[in-house]
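What follows is one structure encoded as structure tokens, with my remarks underneath.
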Amino acid sequence: MAKRSIIPFGPQHPVLPEPIHLDLVLEDETVVEAVPSIGFIHRGLEKLVEKKDFKQYVYIAERVCGICSCGHGMGYCEAVEHVMNIQVPPRAEYLRTIWIEMSRIHSHLLWLGLLADALGFESLFMESWRLREKILSMMDATTGGRIIFSVNCVGGVLKDITPEMLREISQTMDDMERELKPIMETFLHDYTVQSRLCGLGVLTRDQAILYGAVGPMLRASGVEYDVRMTGYGAYGDLEVAPITAADGDSYARCEVRLKELIQSFRLIREAIGKIPEGPIAVPVKGSPSGEYFMRIEQPRGEAIYYVKGNGTKNLDRFRLRTPTTSNIPPMLETVKGCQLADVPLLVLTIDPCISCTER
Amino acid sequence: MAKVSKSPWLLHYDASSCNGCDIEVLDCLTPKYDIERFGIINTGDPFQADILLITGGVNSQTEPVVKQLYSQIPEPKVVVAVGICACTGGVFKECYNIKGGIDTVIPVDVYVPGCAARPEAIIDGVVQAVAILDKKREEYRRQKNAK
Amino acid sequence: MDCKNIIEVIEIQDFYQRVIEMKMHSWRLAQICAVRIDSGYEMSYSFCKDYDMITLRLLVGMEEKISSITQIYPCAFLQENEASELFGVQIESLDPNYHHKLYRIEKETPFKEKG
């Protein structure tokens with residue numbers, strides 16, 4: 001039998017923008033087991049609901065993570081609105097949807113860049129991030145923030161988008177879709193990319209369900225599950241369908257995210273076409289009393305927001321189950337049996353967001 | 001910028017930030033902001049770095065990592081705290097697991113505010129850090145010669 | 001789309017049986033949440049299938065022990081360790097058990113007391 005050795009991976013590692021640590025048990029170059037240790041970014045944000053009132057907490061929820069910021073704000077607000085029975089004006093729902101789809105584009109392009117970087121494909125990394133700047137400028141122009149916008153509030157949104165700006169966004173979506181084509185072509189058909197991704201880290205359909213994968217990771221294994229189908233926000237009026245792939249390998253995960261980019265461009269254009277006139281927020285009176293589990297499709301997958309109010313301005317409990325928490329166990333499964341050199345790539349294919357996971 | 005005598009290398013570490021500042025630090029490297037035009041390269045190795053960019057407030061688990069990275073960077077070195085959490089603790093200040101700004105653990109030379117810090121601000125902070133690095137290098141040389 | 005989102009309070013003796021049934025009908029474990037209440041803890045286990053969500057809820061006394069579901073759903077280990085470390089919920093036969101070293105925080109069970 002080959003000799004076993006343990007290699008530490010992380011927390012500070014060149015491919016990881018965020019700290020996570022894995023102890024890799026190796027037999028020669030093959031990984032037998034991976035034991036994660038997390039907690040480098042644990043701050044204890046869920047506990048802050050006892051100190052901040054439920055309206056202030058929106059700002060904390062948005063700072064759980066800088067990449068999924070808009071989604072966290074929206075998820076928290078929708079959960080509180082469900083508890084308090086607040087009917088959000090339709091225009092606010094559309095605006096939220098536009099912003100969260102923009103966040104999805106920014107997040108997926110960011111991931112594609114990081115993937116290219118992990119492959120050593122420097123120019124592809126730069127191209128993806130160059131394209132991402134366009135969506136960041138759009139977010140900056142509409143909200144005043146590049147990545148953390150703080151536009152959500154309980155009862156609606158804080159800012160409106162003018163008709164001229166909406167037209168400009170729509171135009172930018174067309175431009176970006178055109179510019180994405182060559183990048184997409186490279187990711188899907190380039191020999192180098194294919195040789196690194198195809199057949200790597202296969203997660204079967206049954207495994208994906210057993211280990212509780214969510215988001216693109218689950219859909220890449222052939223499961224049709226996209227929480228946007230439940231019709232929160234403005235998704236009930238828009239045409240959404242889960243994008244799936246059959247193979248469950250790293251290539252399939254890349255393919256799903258690329259196709260979701262195209263879907264997001266289309267969704268934003270559709271939402272801009274259908275956006276109704278009207279107020280953007282309703283006044284909120286009283287304090288939440290009751291509980292609700294809210295599900296939202298974040299760029300990385302399904303996130304669950306649990307809110308429990310006791311009739312005072314401070315909530316009893318806020319719980320956030322983020323997509324990466326669910327995606328770590330299936331990732332550990334895919335790492336088993338792969339080569340040591342592929343581990344960084346496999347960690348990356350779940351699109352890990354550690355600050356979300358640890359809160 | 002005429003004073004940039006050498007090309008400083010950056011090391012970036014996330015000491016429990018929300019990720020916002022981290023992606024903006026990475027953003028500085030990409031075509032729109034392109035920090036490399038100042039001769040600056042982002043490295044993953046503390047032994048080759050001159051400037052340490054830290055984001056986020058420090059918690060009990062990252063404290064030893066931050067101290068270790070700081071000790072591994074050769075003298076002279078400059079520390080830049082990026083984002084309001086790295087400066088003071090920011091919105092996370094009241095959390096039970098946050099110690100506060102980076103300066104509670106290691107000495108900080110440049111503070112870059114913002115939530116998230118914008119790339120322009122980060123570049124400005126790094127450029128200031130380069131000036132401080134030049135000064136420190138001079139000081140270091142003088143001390144060495146005096147010995 | 002109409003989808004179920006219900007909370008079902010169950011007894012501790014039925015709990016293990018119910019979770020096994022969930023797995024046999026290929027429900028996916030969505031989340032585990034602990035809440036501190038006056039008499040102890042409220043544990044919520046949510047499962048998703050298609051677009052429906054069912055949450056099984058257990059009321060656990062302060063010193064009462066519950067068994068881990070990691071034997072049925074191995075992916076539960078992160079969230080169960082979290083509940084045990086942050087809230088001090090007593091979970092038996094947890095695998096792998098981090099023994100309060102998941103987050104390695106200095107403060108012990110910070111969520112156990114309010115404020």
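Quick caveat: nothing in here was measured; it's all calculated off a predicted structure. Naming convention: chains lettered A, B, ... in sequence-line order (proteins, then strands); numbering from 1 in each chain.
- Counting only N and O atoms by type, the side chains of B:His12 and B:Asp14 include no donor and acceptor under 3.5 Å apart.
- Salt bridge status for B:Glu94 with A:Lys47: absent, with no side-chain N to carboxylate O gap under 4.0 Å.
- The most heavy-atom pairs under 4.5 Å with chain A, out of B:Asn59, B:Ile98, B:Val25, B:Thr62, come from B:Asn59.
- The residues A:Arg104 and A:Glu101 are annotated as salt-bridged, a charged nitrogen and a carboxylate oxygen being separated by less than 4.0 angstrom.
- Per-residue counts of heavy-atom pairs under 4.5 Å with chain A were compared for B:Gly20, B:Pro119, B:Pro31; the largest is that of B:Pro31.
- The greatest number of non-hydrogen atom pairs below 4.5 Å with chain B, out of A:Arg146, A:Arg63, A:His42, is found for A:Arg146.
- Residues A:Thr172 and A:Asp175 bring no donor and acceptor atom of their side chains to less than 3.5 Å of each other.
- With a threshold of 4.5 angstrom between heavy atoms, A:Phe125 approaches chain B through side-chain atoms but not through N, CA, C or O.
- The aromatic rings of A:Tyr305 and A:Phe318 sit parallel to each other, their planes meeting at less than 30°, with 60° as the upper class boundary.
- In terms of non-hydrogen atom pairs under 4.5 Å with chain B, the most contact-rich of A:Glu127, A:Glu133, A:Arg132, A:Lys52 is A:Glu133.
- Contacts between A:His106 and chain B at a heavy-atom distance below 4.5 Å involve the side chain alone, from C-beta outward.
- Contact of B:Cys115 with chain A is made through backbone and side chain together, with heavy-atom distances under 4.5 Å.
- For B:Ser17, the part lying under 4.5 angstrom from a heavy atom of chain A is the backbone only.
- With 3.5 Å as the limit, one finds a donor-acceptor pair spanning the side chains of A:Ser326 and A:Arg321.
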